[in-house]
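For ligands, and for the atoms within them, numbers begin at 1 and follow the listed sequence.
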Amino acid sequence: MDDKVYIFDTTLRDGEQAPGNQLNMIEKLEVARVLEELGVDIIEAGFPISSPGDFESVVQISKTVTNPTVCGLTRAIQKDIDVAADALRYAKHPRIHTGLGTSYNHIYYKLKSTPEEIIRRGVDAVKYAKKYVEDVEFYCEDAGRTDNEYLARVVEAVIAAGATVVNIPDTTGYCLPTEYGEKIKYLMEHVSNIHKAIISTHCHNDLGMATANSVLGVLNGARQVEVAINGVGERAGNTALEEVVMALKSHPALNIHTDIVTPNIMRASKMIQRLMKSPVQANKAIVGKNAFAHSSGIHQDGVLKHRENYEIIDPKDVGVDESSIILTARSGHAALKYRLQLLGYPLEGEELDKTYQDFLKMADAKKIVNDDDLLILVGKDKKKRERIISIEQLQVVCGNSMIPTATVSLKVKDEVKTETATGNGPVDAAYTAVKKIFAENNIRLQEFLIQGFNGGCDDSGRVSVQVECNKHFYQGLGVDTDIVTASVEAFVDAISKALE
Ligand code: KIV
Ligand code: ZN
């Protein structure tokens with residue numbers, strides 16, 4: 001029987017706190033859903049006391065996901081723990097992640113304290129968090145630079161206080177792989193109650209060694225790794241989820257597995273690149289554009305003779321379709337079906353026919369339809385059929401010498417309702433017309449976000465909105481090559497949910 005390593009994803013906490021990576025609520029919920037489908041065990045959803053936005057995202061993610069544990073970060077301070085417990089109240093499996101610095105620098109210069117006082121504060125924080133939740137993780141910040149003997153005392157004390165997981169962060173990305181591995185080994189051998197908790201790695205990539213350090217941690221006894229998709233995070237980032245997972249999977253002799261659904265890796269990676277507007281380098285391990293591209297003649301020849309001559313991972317195993325079928329308006333059902341299957345949507349019969357018709361319309365407008373477009377198409381198609389409101393007709397006139405005016409006809413259940421309105425632009429005019437149709441329903445637009453996918457003026461626009469109706473919030477998504485249509489689709493999607 002092989003051992004399981006738990007995957008603790010901190011894309012939405014440590015990853016999101018890096019400059020430029022901030023996500024809005026709609027985006028965070030999308031990430032949480034994809035992480036759940038990826039099979040992560042724990043989602044660190046935020047640092048609830050740090051801002052109302054972080055608090056709310058922990059609340060909303062707790063309501064959204066079912067299988068993963070949802071975790072909120074705190075300092076070893078009672079108020080932080082109270083707020084985290086409140087944010088986690090809807091989580092099916094809540095975890096509080098509390099802790100404080102244990103290195104010489106942190107104890108004396110950051111916390112202005114003493115080693116004994118730090119142990120006392122750590123123990124108190126764990127005991128306090130235990131009043132709210134059973135699952136309490138403790139982090140020894142800057143453990144990478146903490147003296148091992150002292151670290152073992154801290155770990156033993158917090159486990160005795162009830163910590164279920166103890167995190168050994170290499171906060172500054174300082175350790176060498178052998179050094180980090182030895183640190184974990186030391187703890188496994190010198191902490192008397194170590195079997196009562198799981199030891200976790202949390203490695204930063206300042207010296208480019210986060211993956212190596214995490215793997216060495218696992219080889220020496222850690223059974224949880226803290227990671228982020230594409231390795232996003234503070235400074236040089238956190239450990240990349242896809243790298244650790246595939247390193248363990250590619251070495252079956254280690255007898256260690258994770259529950260990650262690896263064919264979903266590429267999809268998760270692309271989503272983070274798009275939402276954080278942070279493309280990975282072409283030669284990034286596992287998810288880079290060239291990770292499975294063979295350009296030299298010798299390699300091409302070798303791969304064609306036998307794939308494993310030059311590939312240690314089957315690209316399909318991480319969701320990369322190695323075939324270069326390009327989908328255009330001339331592609332048939334079979335090509336679309338094959339591509340959708342690779343993306344995890346095995347459509348058949350009527351559903352495939354319907355999606356194919358939508359695909360043809362998109363291919364006419366976009367020329368080349370890529371995987372992101374297909375995902376939109378499938379999501380969009382499903383949503384449309386479930387909705388109680390659909391767009392019958394949308395007409396907009398706008399330009400630099402007229403007042404933008406929109407006429408919107410919506411089918412609400414079986415009745416068609418039409419309104420016309422003006423606005424400061426075509427989207428505003430169309431939204432004002434929609435609001436007139438639902439004037440009695442107390443609908444208020446709270447957030448609106450429009451994004452392109454791949455660049456280019458023929459790109460699909462993706463619009464995400466959040467509306468408020470009677471103090472409840474509803475998200476809507478719309479995608480179309482026409483951005484006004486995408487915007488109205490998103491609005492109507494959210495209103496449908498509000499009125500259902
Ligand atoms: O890097 C670190 O030490 C952290 C802790 C707060 C867990 O992110
Ligand atoms: Zn960190």
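Considering backbone and side-chain N/O atoms, Asp14 comes within less than 3.5 Å of an N/O atom of ligand 1. At a 3.5 angstrom cut-off on N or O pairs, Glu226 does not count as close to ligand 1. Polar contact with ligand 1: present for Arg13 (N/O pair, distance under 3.5 Å).
Of all the heavy atoms in Ala152 and Val191, the pair that sits closest is O-CG2, 3.7 Å. Across all non-hydrogen atoms, the minimal contact from Met266 to Gly319 is CB-O, 3.7 Å. Shown here for Ala91 and Ser62, the closest heavy-atom pair between the two residues is N-CB, 3.5 Å.
When each atom of ligand 1 is checked for a heavy atom of Pro169 under 4.0 Å away, the hits are 2 (C), 3 (O). For ligand 1, the atoms lying closer than 4.0 Å to a non-hydrogen atom of Glu141 are 3 (O). Atoms of ligand 1 found under 4.0 Å from any heavy atom of Asn167, numbered from 1 in the order shown, are 7 (C).
Among His204, Glu234, Glu137, the residue whose heavy atom lies closest to atom 1 (O) of ligand 1 is His204.
Counting heavy atoms under 4.0 Å from ligand 1, residue Thr10 does not touch it at all.
Taking the Zn ion (ligand 2) as reference, His204 places its N/O/S atom NE2 nearest. No other N/O/S atom of Asp14 lies as close to the Zn ion (ligand 2) as OD2 does.
When atom types are taken as modelled, the side chain of Thr262 and the backbone of Asp317 share a donor-acceptor pair closer than 3.5 angstrom. Although no hydrogens or angles enter the test, the distance criterion places no donor-acceptor pair under 3.5 Å between the side chain of Glu447 and the main chain of Ile26.
Summarising the local packing, CD of Glu149 is surrounded by 12 or fewer heavy atoms from other residues, nucleotides or ligands at distances under 6.0 Å. Annotation: Phe473, atom CZ; neighbour count of heavy atoms from other residues, nucleotides and ligands within 6.0 Å is above 12.
Relative to the six-membered ring of Tyr90, Lys63 meets both conditions, a distance below 6.0 Å and an angle of at most 45° to the axis.
Looking from atom 3 (O) of ligand 1 to the surrounding protein, the closest heavy atom is Thr171 OG1, 2.7 Å. His202 NE2, 3.5 Å is the protein heavy atom nearest to atom 4 (C) of ligand 1.
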